[in-house]
Amino acid sequence: MNDVIRIHPFQFVHVLDLNKNIVHLEVGPKTLILKSNHSLVAGPLNMIVVPPGSYCVINDPVRSYTPGEKSEHDLGQTLVKFHAEPFPLYPGEYLAAAPQFLNGSTDYSSAIKPLPVVKANCAIRLEAVMDHLDNDIQRFAGDMWQLKGPLTYKPRPEVRIVKIIEPQVIKSGQVVKLRAVQDTTDNMDKFRVTGEEWLVKEPGAYLPGVFEEVVSVEDVITLTSDVALHLRATQTLTDLEGQIRHAGEEWLLTSDISTEYSPQVGMEVVQVVTKTVVKRGQYAVILNPADKEGKPQLGQKVLRQGLCSFFLQPGESLEHGSIQNACVLSENESVLLQALDTFVEKVDEKKTLTRKTGDIWLIKGPQNYIPSINVKIIQQRKTIPLSKNEGVYVQDKHSGKVRLVMGPCAYMLTATEELWKKELGEETEQLLSHGGGLGSGDIRKLAYYEQSIDPSIAMGRDKTRVVTYRCPSNTAVQVYDYIKKTARVIFGPDLVVLGPHENFNVLGLSAGKPKKEGALKSLCLMLGPDFISEIIEVETSDHARLRLQLAFNNHFEVDKDDELSAQKIFSVPDFIGFACRQIGSRIRARVALTTFDSFHRYSAQIIQSAVFGNDALLGDPRTILKFDVNNLVISSIDIQSIEPVDVKMRDSLSKSVQLAIEISTKSIEAAASHEAKREEQMAKGQLERQILQTEKESERARSQLYELRALAAAVESTGQAKAEAQAQAERLIIESHSHIESARLKSEAAEIEHEASLSTQNKFRSHELDYQKKQNFITVSKEKSLASIEVNKFKEMVTTLGADTLAALANAGPDNQVRLLKSLGLQSVLLTDGNSPINLFTTASGLVGQKSGDCA
């Protein structure tokens, strides 16, 4: 059964003749019976059907085929087949995109490809893979060309499809930059060399040529009055103005030259420049300004004051990088200036000043100052307001002298003055911030300085401001002037003001128990009265070592009006340590001559006599110890504690003291017990009396309770009637008030209606009067207009007739009468008797009339 092959219509098989080793084609419909020397190679397979609008490529096509003989093939060649009758593959042929079709696969859809359809405004780019003749055009291998759409391209074996070229759409306001890949002719039939770039500006669809490359699509930049372009030439060219620009040259394109800029070959946009607007009260200094030819003048400056606007030319820049505000100087402000070059300054219309290089001067307000290009603003100053006890240090830059300016005043520095910073030592700065005293927190005397702490100094001292210190009460501060080499003493409470060359005399005092030198730093000397506490170790004659804790009162005797006396108290910087050492040495010397038992009994007398002498034992209150070197006076001494240094002796002494305390405690307890019993008996008697008194008060309160209950019952019986009467009275009162309120509201309503009626009548009369006035005014205006028209009519008639015509009309009647009289032989004379003249003209008129009647 395997030797019988049924081949359906539109199917084919390849059969191998084993004897000849030749494959031949069998096409259905038929039933093929394989012979013993035949072998089925492929099939049955469907014939190749190419739909309309498609094609397929066959490799190694058959040139001639004779069944049963060897076929001839064009090896390495291809054959393109389009829509036609289904066809089989001859032995040796295979589909280009489906080589597996003859190897058991029946799917050849991948080999069927649609024909390339090129849309309108598109093109298909082709490349010749071999030399051939294309419609009388000789194509060589490697040639490239393209066909424009719309069309459907039928592939050829000699031609390779490179790609479909889409058009580059150029919108309005866009420009396409192209580059020639090799020598070519563009769409305008202009020859382009390799690497040449050009622009296409016409809006629409542009189809690049075969050797044209789209570099970029750039937008046309619209230039306004506030926007300009900074351009640079990358090669020598001619710009929009027809001016030749060399490579590297830069210039500015504004809206005055062109309202829009489209990119050009050989020209690049460095940046978009916006117009610099200088407002009122502002100015701009342009560095390296450009001349008329656009070349920057290096090192020069130009000043532009508001109101104005301009574009920065290439190479120009603004001083300090921005527009600067004018110095608006108030009445309390000034500005310090320096001349950078010699120039002539116009002060007013008549006066000018010549400023030399380096000159410094001051301009005071109120004014709005704009510096010229030859002037440098060093500093803008304000008047320094100084209240009382405030001041500043001012130094003259020419002489170098420093002086102190104190308030109350408002001080303005001159052109040659500047604020001087007074430097103090780090220790002095710390002392000022802590009120004048610095030491460990357990030192008692630090409380003296809390009242002198200045919060402004604690936050940070302004070194140009005067250094002040609040000298506490009953203290003294020594200030030394290192220029004059003199010292002065200020007694508190007062404010110490340091001059420019003065500084505080810092005292290093001993503090602590026992005293430690330099433990307390102080700016002020405490005059006292005060006390100094100290721990002193002494040794008796029988070698008992004791620790004494003493406190002695001290003060200074000083005449504040005497400068020598004031300076003398500072002769010993550490008066505390000095006093403690002197007193300690006296006590140790005296105790060394005394036994422990004697000292234990008479310690106070021994210490008093050691410090103040034997007169202290006699009770003389004027006995004192005075140190002449600094007038320090020790007025009294207090023994706070005495304890042995040896531990064993301290324990034995402690035991004896405890025994004495116990004896004393027991006697006190017995006395207290007796006193407690006595007080207990007294309390019992007082308690019994209080019980009787309480019962008496209770009975009295009970009787009052019964009275109140009776009163409450009476009130309760009369309360109902009283409440009803009160309710009735309140009802009548409320009704009366409501009637009164209703009457008042009705009267107010009537008054409002009356007022409204009057107001309506007033407005009606007012409008009626206005209407009558306007009507009268219109009537008068009309009559005036008619009269004016009549007058103008009469004037125009008179003007039209003329003066001569009117005179002739007026004289026409008399002239006729005269002529009539002359015709009658009468003379134009007056006949009179002197009383009644005869008018011959009238007579002539009568005659003329009569004559006329007769004629009739």
May I ask you to decide whether R156 forms a salt bridge with D134, counting only side-chain N to carboxylate O separations under 4.0 Å? yes
Worksheet item: Looking only at atom types and distance, does a side-chain atom of T185 sit under 3.5 Å from a main-chain N or O of K190, one as donor and one as acceptor?
Response: no
Beyond-backbone contact of P52 with H83, side-chain heavy atoms, under 4.5 angstrom:
yes
field: Non-hydrogen side-chain atoms of Q77 and M130 separated by less than 4.5 Å
entry: yes
(Q) Any salt bridge linking E429 with R461? Criterion: basic side-chain nitrogen under 4.0 Å from a carboxylate oxygen. (A) yes
Heavy-atom closest pair (K301 atom, P289 atom, distance to 0.1 Å) is N-CD, 4.0 Å
Rounding to 0.5 Å, atoms SG (C122) and CD1 (I164) come to a distance of 8.0 Å
Tell me if the NZ atom of K397 is crowded by more than 12 foreign heavy atoms within 6.0 Å. yes
Closest heavy-atom pair, F87 versus C56, reported as atoms and distance to 0.1 Å, is CZ-SG, 4.0 Å
Query raised in the report: Can you check side chain to side chain contact (heavy atoms under 4.5 Å, CB included) on L307 and V278, steps first, answer last?
Result: CA-CA 6 Å; L307 301 163; V278 183; over 6 Å; no
Correct closest heavy-atom pair for L115 and T152 would be CB-CG2, 3.7 Å
Distance col, row T78:OG1 vs N59:CG, nearest 0.5 angstrom, shows 6.5 Å
Practice task
Answer yes or no on whether R355 is positioned over the face of W361, meaning its NZ or CZ is under 6.0 Å from the six-membered ring centre and within 45° of the axis.
Solution key: yes
If you count the non-hydrogen atoms of other residues, nucleotides and ligands that lie under 6.0 Å from NZ in K81, is the total more than 12? yes
- Message: Using a strict threshold of under 4.0 Å (side-chain N to carboxylate O), is an ion pair present between K463 and E423?
- Response: yes
query: Counting distance only, does the side-chain N/O of S309 pair as donor-acceptor with the main-chain N or O of V277 below 3.5 Å?
result: no
When rounded to the nearest 0.5 Å, the distance separating CG of L362 from OG of S334 is 4.0 Å
Does atom CZ of F10 have more than 12 heavy-atom neighbours, drawn from other residues, nucleotides or ligands, at distances under 6.0 Å? no
- request: For the residue pair V27 and M47, establish whether any side-chain heavy-atom pair is separated by less than 4.5 Å.
  value: yes
Point to revise | Stepwise side chain to side chain donor-acceptor pair (under 3.5 Å) test for D462 and T464 | key: CA-CA 6 Å; D462 185 358; T464 60; 3.0 Å; yes
To the nearest 0.5 Å, atom CE of M144 lies from atom CD of E127 at 5.5 Å
Decide side chain to side chain contact (heavy atoms under 4.5 Å, CB included) for V302 and V285; before the verdict, give the C-alpha distance in whole Å, the side-chain angles of both, and the deciding distance to 0.1 Å. CA-CA 6 Å; V302 171; V285 178; over 6 Å; no
Closest non-hydrogen contact found for P91 with Y65 is CD-CE1, 4.1 Å
* Asked: Heavy-atom distance under 4.5 Å between the side chains of L178 and Y206, does that happen here?
  -> yes
Nearest heavy-atom contact between Q11 and P44 is OE1-CB, 3.7 Å
For the residue pair N325 and Q282, confirm or rule out a side-chain donor-acceptor distance under 3.5 Å. yes
*asked:* V159 vs H132, test: side chain to side chain contact (heavy atoms under 4.5 Å, CB included). Steps then yes/no.
replied: CA-CA 9 Å; V159 179; H132 68 280; 3.8 Å; yes
K154 NZ/CZ over F82 ring centroid, <6.0 Å and within 45° of normal: yes
(message) Do L340 and T357 have side chains that approach each other closer than 4.5 Å (heavy atoms only, starting at C-beta)?
(response) no
- Take atom OH in Y90; do more than 12 heavy atoms of anything else shown fall under 6.0 Å from it? no
Would you indicate whether K275, at its atom NZ, is surrounded by more than 12 heavy atoms from other residues, nucleotides or ligands within a distance under 6.0 Å? yes
Has E85 got more than 12 heavy atoms of other residues, nucleotides or ligands less than 6.0 Å from its CD? no
Show me, pair by pair, the donor-acceptor contacts under 3.5 angstrom made by side chains of residues 374-381, not counting sequence neighbours?
from: Q379; atom 1: OE1; to: R381; atom 2: NE; distance (Å): 3.2
from: R381; atom 1: NH1; to: T414; atom 2: O; distance (Å): 2.7
from: R381; atom 1: NH1; to: E417; atom 2: O; distance (Å): 3.3
from: R381; atom 1: NH2; to: E417; atom 2: O; distance (Å): 2.8

> Side-chain donor-acceptor pair under 3.5 Å between T194 and D183, yes or no?
Replying inline: yes
query: Are any of the side-chain heavy atoms of L229 and V273 separated by less than 4.5 Å?
result: no
* Asked: Take atom NZ in K113; do more than 12 heavy atoms of anything else shown fall under 6.0 Å from it?
  -> no
- Message: Within the supplied structure, the quantity of interest is the number of heavy atoms (other residues, nucleotides, ligands) at a distance under 6.0 Å from I244 CD1; does it exceed 12?
- Response: no
In this structure, CG of L287 is separated from CG of L298 (nearest 0.5 Å) by 11.0 Å
So CD of Q324 and CD1 of I370: to nearest 0.5 Å the spacing works out to 10.5 Å
For the pair D17 (side chain) and N21 (backbone), establish whether a donor and an acceptor sit closer than 3.5 Å, ignoring hydrogens and angles. no
Strictly distance-based, threshold 3.5 Å: is any side-chain N or O of D60 a donor or acceptor partner for the main-chain N or O of E93? no
Please confirm whether R304 makes a cation-pi placement over Y283, using NZ or CZ under 6.0 Å from the six-membered ring centre and within 45° of the ring normal.
-> no
**Message:** Using modelled atom types and a 3.5 Å cut-off, is there a donor and acceptor pairing between side-chain atoms of H320 and backbone atoms of L318?
**Reply:** no
Q: Could you walk me through whether I286 and F310 pass the side chain to side chain contact (heavy atoms under 4.5 Å, CB included) test, one step at a time?
A: CA-CA 11 Å; I286 303 176; F310 56 89; 3.6 Å; yes
Check your understanding: Sub-3.5 Å donor-acceptor pair from the side chain of E333 to the main-chain atoms of S330, do we have one?
Key -> yes
For V193 and A180 the tightest heavy-atom approach is O-CB, 3.2 Å
Is a side-chain donor or acceptor of E26 paired with a backbone partner of H14 at a separation under 3.5 angstrom?
no
*asked:* When you measure from the side chain of Q300 to the backbone of Q297, do you find a donor-acceptor pair of N or O atoms at a distance under 3.5 Å?
replied: no
